[in-house]
There are 2 protein chains.
Amino acid sequence: MPAPVPRQKRATIFDVAAEAGVSRGTVSRVLNGEPYVSASAREAIEAAIAKVGYVRNTAARNLATQSSGAIALIVHEPHSVFVDDPNIGAILLGINSSLSAADYQLVSLIIDTERDSQRVTGYLGGGFVDGAIIVSAREGDPISQAIADLRLPAVMIGRPDNQPQLPWVGIDNRGAAEQITRRLKATGRSRIGMIAAGLDRDSGRDRLAGFRDALGDGYDESLVSRQSFYTHDAGVAGMAELLRVDPLIDGVFAASDAVAVGALEALASAGRRVPADVGVVGFDDSAWARRAQPALSTIRQPAGDLGARAAELVLEQVRSGSPAADGVLLPTEVVWRDSA
Amino acid sequence: MPAPVPRQKRATIFDVAAEAGVSRGTVSRVLNGEPYVSASAREAIEAAIAKVGYVRNTAARNLATQSSGAIALIVHEPHSVFVDDPNIGAILLGINSSLSAADYQLVSLIIDTERDSQRVTGYLGGGFVDGAIIVSAREGDPISQAIADLRLPAVMIGRPDNQPQLPWVGIDNRGAAEQITRRLKATGRSRIGMIAAGLDRDSGRDRLAGFRDALGDGYDESLVSRQSFYTHDAGVAGMAELLRVDPLIDGVFAASDAVAVGALEALASAGRRVPADVGVVGFDDSAWARRAQPALSTIRQPAGDLGARAAELVLEQVRSGSPAADGVLLPTEVVWRDSA
DNA sequence: TTGTAAGCGTTATCAC
DNA sequence: GTGATAACGCTTACAA
């Protein structure tokens, strides 16, 4: 970064001390609400603080205490997904509420380019945060490696695969996928396909694995369309592909609600009725699911809880100074609506 | 925050200096790429850095340089809106790309409760950031007041109303609303209503004002449904209300796409065809607009540019040390699709 | 109960 | 070119 102009000088503990006629040590004590300060001194100091408009320089405090009171959330999503990933927002809010309750500041860092990645790494090592939460890490993510190297307390949301050993919190994608696929099958469908996505991360792979588990011998590789991202477009393309491969397909498990909505559209264009001709199920229970036509049967993911739990896990590590438990799995739920 | 355990001690400049057999000053010089360092010293230092695994403590650097190389983005949205506001994501990415190009770190802070607000204020005053960007500030927002008090370089996204004088970047909500309402009128509609929302902020008020401008004498107060937030639910409720007030209503301007999609649903339930019976227009050109049935006619808002421009404005202030220009208005565009 | 002074890890200003 | 050394603003023993 280019050398910026230093900000206007503000009052320091020094000024407060002078104004109140006490030493800096005493000022520090009242600032930190410590005992052993006379009422008169406290009063004088409080008056002085107000008078000189003192605001504590937390950065300096950190240097002295060797801790910052902040936790980073690192979001690493491709541009296209980020803007309408339904989970990110809920996770964020969940993390924030846990952290907030413990008086920690959440700072969210987004990684969109290689350059960002470098800079964020520096930031994490720079003493600005006491810990980090990583969302949507991918295989061989340089950030998780850096965090491991820095020995920064951290937690991943979503079970990592080839990642360095970091604790994580996630859902049982595989089990949930199996469950909803079975349910779909139980509606009497016999030619069930899947629009898979995000296969470069655990969630995507596990959902596919669960689908396979549910179908057992009936699993047909050709009825799986592999898409890159959990997007609406992926759903449109994937459904078109599936219809081409098997025009008689009568059931589809989409890897996410956004994908499912895309599939719904493609089915409509192809003149198929849902659920009469084809049953469709999604994953996430995002806003899309409720508003889709017809409303989507899907898996409810406890996004807020995921965040909250992750936050608790980092704080635990920060406080104890030692790594936390391996991983925790939060329960999901099948939400059955009209699309299947 | 509770006293955390200090992180494991890491190598400092001191260690590097000792290892390389030079002084800290020299180490600092190579770290900052300054001239006047002998090749031999540089080599020895680089080797030492690698050997001891040195990572610069940026927090300490800040204390010395009186600047942090970071800019805060403050998002203050009610829970419900935050998770599906289509603009926030795009704005975020826009800010990040501008900041990233200048090697500044974006840190996003979210405010969800009064407690958050307090903590964030402390954070901003703590020397962690050189400037701030505020999105969706509301009337009498304590944060903007705090920023003004701190004399922290800042920019608002969305024109503030009763705010302290901070520079801003926004769009001409009023003009855009007028434009699209006129266009709707031009399709031959005669009983046009509006589902207004977010009236506690400039965008909401201006969109309503623009609607009024467009209708002139034809403006009918009873055909305006006032909702709290830019949400889907608001659209459903608002449309139901409008239908009750005037069953013959034939045109609706919804304050946002999410609201419009809700209206579309309410109209469908009421058995009205769109656009045959009722024309509907939205605002934002979010993902909702393209995927709605029928696709929504709306206003395209340059969310990414808004962010990018805001970032440039803060950096300008940070560099020059003085307040920037008043405000800048970015152009919008009518996107005409099928809903009207 | 209060003051003193030694850090915290860098940068920056000097002499040398 | 390089090395001391004084900031930077705060916390925290330790003395008093």
Side-chain angles (χ1 to χ4, degrees), chain A residues 1-4 6-18 20-45 48-49 52-69 122 125-128 130, chain B residues 1-45 48-49 52-69 122 125-128 130:
Chain A
M1 81 201 154
R7 263 204 302 300
Q8 169 166 350
K9 206 175 173 54
R10 285 201 317 243
T12 72
I13 268 204
F14 222 102
D15 304 319
V16 176
V22 299
S23 79
R24 297 180 287 170
T26 307
V27 175
S28 178
R29 262 162 237 141
V30 342
L31 248 27
N32 294 310
E34 280 168 28
Y36 304 123
V37 183
S38 66
S40 62
R42 167 162 282 122
E43 250 169 57
I45 290 172
I49 287 179
V52 304
Y54 170 77
V55 179
R56 183 204 244 133
N57 181 327
T58 320
R61 169 186 228 221
N62 295 352
L63 188 56
T65 60
Q66 295 291 82
S67 73
S68 68
F128 292 98
D130 295 339
Chain B
M1 77 202 157
V5 175
R7 263 203 303 299
Q8 171 168 349
K9 206 175 170 55
R10 284 200 319 240
T12 70
I13 267 203
F14 223 102
D15 304 318
V16 176
E19 179 68 32
V22 299
S23 77
R24 296 178 289 168
T26 307
V27 175
S28 179
R29 260 163 238 140
V30 343
L31 247 28
N32 295 309
E34 281 169 26
Y36 303 122
V37 183
S38 66
S40 62
R42 167 163 282 122
E43 252 170 55
I45 291 172
I49 288 179
V52 304
Y54 169 78
V55 179
R56 183 203 245 131
N57 182 326
T58 320
R61 170 184 227 222
N62 294 352
L63 188 55
T65 60
Q66 297 288 82
S67 74
S68 70
F128 292 97
D130 296 339

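In the text below, chain A, chain B and the rest are named by the order of the sequence lines, each starting its count at 1. This structure is a prediction, so every number in the text was calculated from the model and none was measured.
For the pair A/Ala17 and A/Ser23, the tightest heavy-atom approach, listed with the atom from each and the gap, is CB-C, 3.8 Å. Of all the heavy atoms in B/Ile49 and B/Val16, the pair that sits closest is CG1-CG1, 3.7 Å.
Across the protein-nucleic acid pair, B/Asn57 atom CG and C/dT10 atom C1' stand 8 Å apart, rounded to whole Å. Distance B/Leu63 CG to C/dA12 C1': 13 Å, rounded to the nearest Å. D/dC10 atom P lies 12 Å from atom CZ of B/Phe128, rounded to whole Å. Note: CG (A/Asp130) to P (C/dC8) measures 18 Å, nearest angstrom. A straight line from CD1 of A/Ile13 to C1' of C/dT4 spans 14 Å, rounded to a whole angstrom. Atom OH in B/Tyr36 sits roughly 17 Å away from atom C1' in D/dG3 (whole-Å rounding). Going from atom CG of A/Asn62 over to atom C1' of D/dG9 covers 11 Å, rounded to whole Å. Note: CZ (B/Arg24) to P (C/dC14) measures 18 Å, nearest angstrom.
A sub-4.0 Å separation between OP1 or OP2 of C/dG9 and a side-chain N or O of A/Gln66 is present. For D/dT11, the OP1/OP2 oxygens have a side-chain nitrogen or oxygen of A/Asn32 closer than 4.0 Å. The shortest distance between the side-chain N/O atoms of A/Ser28 and the OP1/OP2 oxygens of D/dT11 is below 4.0 Å. In this structure, B/Thr12 does not reach the C/dG9 phosphate: none of its side-chain N or O atoms is under 4.0 Å from OP1 or OP2. For the pair B/Arg56 and C/dT11, the criterion of a side-chain N or O lying under 4.0 Å from OP1 or OP2 is met.
Nearer to the 5' terminus of DNA chain D, by closest-nucleotide assignment, is the contact made by B/Gly21 (compared with the other of B/Gly21 and A/Phe14). Between A/Gly25 and B/Ala64, it is A/Gly25 whose nearest contact on DNA chain C lies nearer the 5' terminus.
Not a single donor-acceptor pair under 3.5 Å links the side chain of A/Thr26 to the backbone N or O of A/Val22. With hydrogens and angles ignored, the 3.5 Å screen pairs no side-chain donor or acceptor of B/Arg56 with any backbone N or O of B/Ile13.
Of the candidate nucleotides D/dC10, C/dA12, C/dG9, C/dA12 has the atom lying nearest to any side-chain atom of B/Glu34. Of all nucleotides listed (D/dG1, C/dT11, C/dT2), C/dT11 comes nearest to the side chain of B/Arg61. Closest to the side chain of A/Leu31, out of C/dT10, D/dG9, D/dT11, is D/dT11. Of the candidate nucleotides D/dT2, C/dT2, C/dT11, D/dT2 has the atom lying nearest to any side-chain atom of B/Ser38. Checking C/dG3, D/dC10, C/dT11 against the side-chain heavy atoms of A/Thr26 singles out C/dG3 as nearest.
Residue B/Ala59 is classed as having no contact, given no heavy-atom separation below 4.0 Å to the nucleic acid. Nucleic acid contact class of A/Val22 (heavy atoms, under 4.0 Å, all strands): sugar-phosphate only. Note on A/Val16: nothing from the nucleic acid sits closer than 4.0 angstrom, heavy atoms only.
Taking only distance into account, the side chain of A/Arg29 meets the base of C/dG3 through a donor-acceptor pair shorter than 3.5 Å.
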Decide yes or no on side chain to side chain contact (heavy atoms under 4.5 Å, CB included) for A/Phe14 and A/Val27, but give the supporting numbers first. CA-CA 9 Å; A/Phe14 222 102; A/Val27 175; over 6 Å; no
Quick one: do B/Thr12 and B/Asn57 satisfy side chain to side chain contact (heavy atoms under 4.5 Å, CB included)? Show the steps, please. CA-CA 8 Å; B/Thr12 70; B/Asn57 182 326; over 6 Å; no
